[in-house]
Amino acid sequence: MRIDIITVLPEMLEGFVNQSILLRAQNKGLAEIHIHNLRDYTLDKHKRVDDYPYGGFAGMVMQCQPIDDCISALMAQRHYDEVIFTSPDGEIFDQPMANTLSLCENIIILCGHYKGVDYRIREHLITKEISIGDYVLTGGEIAAAAIADAVVRLIPGVIGDEQSALSDSFQDGLLAAPIYTRPADYKGWKVPEILLSGNEAKIKDWELSQSLERTKRLRPNLLSTDANNE
Ligand code: ADE
């Protein structure tokens, strides 16, 4: 899978995509992540990529030309399944969306900034708008990083034990059960007896009942009919 991220803050993302799971995925040849500095595409001699909004509104707006030229240059090289724009007014990012995106061959993520992007870009080039939650970030870079991370770790082979991505919280619509490691007794804080019993069937039952109990208590919305029908 190939992810092209377009940003005015490439330094902010470079460190992130060259660490940990994302680095491992790239080293294994399972993912390619390319970061493009939007300023490299502007025709403005001062390297500006934004301008004042028509209508006298406050703030600055990302202009069409550099974004169009960058996306067009990428699209001339390969087909993209999605051209994503990170924005607080997008569809809320969740595990099912990450699963769907992980099946894509190539995606572009355009990081929003300033007051937003000229609406014509959203009308003509963007195929999907994604928000990572109902709050406003200064820019879309953190959202792009979250999307890239959640999606790339789902590509088969990226995480050593594939089971571990499948047993994440949310994969079956439930929160994960509590998990423990050695020692079994730390300062009197004990690991549940059942996990030390070696009885696999009973442990599986315990895991499911814990998942259900935690989901009911912490995220009851995940158990509602609406969430299950989505
Ligand atoms: N840009 C600013 N806020 C955002 C959010 N909540 N999600 C995605 N992109 C954003």
Side-chain angles (χ1 to χ4, degrees), residues 1-22 31 33-42 48-55 57-68 70-71 74 80-104 106-154 168-170 218-219 221-222 226-227 230:
M1 174 183 207
R2 177 181 168 122
I3 304 179
D4 288 275
I5 304 178
I6 306 170
T7 170
V8 288
L9 293 174
E11 310 80 23
M12 191 168 163
L13 284 165
E14 260 144 24
F16 182 80
V17 306
N18 289 312
Q19 303 275 335
S20 180
I21 293 286
L22 293 184
I33 304 175
H34 298 268
I35 296 169
H36 306 275
N37 186 347
L38 190 60
R39 289 185 208 285
D40 293 343
Y41 292 84
T42 180
R48 278 181 61 172
V49 293
D50 62 327
D51 209 336
Y52 294 98
Y54 282 118
F57 301 110
M60 300 299 276
V61 180
M62 291 165 79
Q63 292 172 288
C64 286
Q65 177 273 315
I67 298 173
D68 183 27
C70 182
I71 293 178
L74 291 170
Y80 283 91
D81 305 288
E82 296 285 5
V83 181
I84 295 164
F85 176 55
T86 56
S87 157
D89 35 346
E91 195 182 334
I92 297 284
F93 189 57
D94 61 6
Q95 194 62 48
M97 200 192 289
N99 293 348
T100 305
L101 289 174
S102 75
L103 302 174
C104 292
N106 303 306
I107 61 173
I108 292 173
I109 306 178
L110 168 67
C111 302
H113 240 271
Y114 312 108
K115 203 66 199 154
V117 43
D118 189 308
Y119 201 73
R120 289 166 290 186
I121 292 292
R122 296 167 74 169
E123 285 176 317
H124 296 284
L125 295 177
I126 299 300
T127 61
K128 193 171 187 64
E129 303 200 1
I130 300 180
S131 164
I132 59 163
D134 286 338
Y135 42 81
V136 179
L137 300 164
T138 312
E141 284 72 20
I142 292 171
I147 295 165
D149 186 282
V151 167
V152 167
R153 67 195 297 284
L154 293 171
D168 287 340
S169 277
F170 296 111
L218 301 169
R219 297 292 304 277
N221 62 309
L222 294 175
D226 282 356
E230 269 167 18

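Just so it is clear, the structure is predicted and the values come from calculations on it, not from any experiment. One-based numbering, in listed order, for ligands and for the atoms of each.
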Nearest protein heavy-atom contact for [atom]: which residue, which atom, what distance?
atom	result
atom 1 (N) of ligand 1	P88 CD, 3.6 Å
atom 9 (N) of ligand 1	S87 N, 3.2 Å
atom 7 (N) of ligand 1	I132 N, 3.0 Å
atom 3 (N) of ligand 1	L137 N, 2.9 Å

Before signing off on this row, confirm whether [X] and ligand 1 have an N or O atom pair separated by under 3.5 Å.
X	value
Y135	yes
I130	no
A143	no
G133	yes

Against ligand 1, does G112 come closer than 4.0 Å with any heavy atom?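 It does not; every heavy atom stays at 4.0 Å or beyond.
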Contacts of type side-chain contact (heavy atoms from CB on, under 4.5 Å), residue L218, not counting sequence neighbours: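 L218 satisfies side-chain contact (heavy atoms from CB on, under 4.5 Å) with L175, R214 only.
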For I84, which of L101, I126, L110 qualifies under side-chain contact (heavy atoms from CB on, under 4.5 Å)?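 Option passing the side-chain contact (heavy atoms from CB on, under 4.5 Å) with I84: L101.
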With Q65, the side-chain contact (heavy atoms from CB on, under 4.5 Å) member among V49, T42, D118: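 Single pass found, and it is T42.
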[X] side chain to [Y] main-chain N or O, any donor-acceptor pair under 3.5 Å?
X	Y	value
T86	G112	yes
R48	D50	yes
T127	V83	yes

Quick one: which ligand 1 atoms are inside 4.0 Å of a heavy atom on V136?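 By the 4.0 Å cutoff, the relevant atoms are 3 (N).
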Value rounded to 0.5 Å, distance of CD in E141 from NE2 in H113: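 Going from CD on E141 over to NE2 on H113, the span is 3.5 Å.
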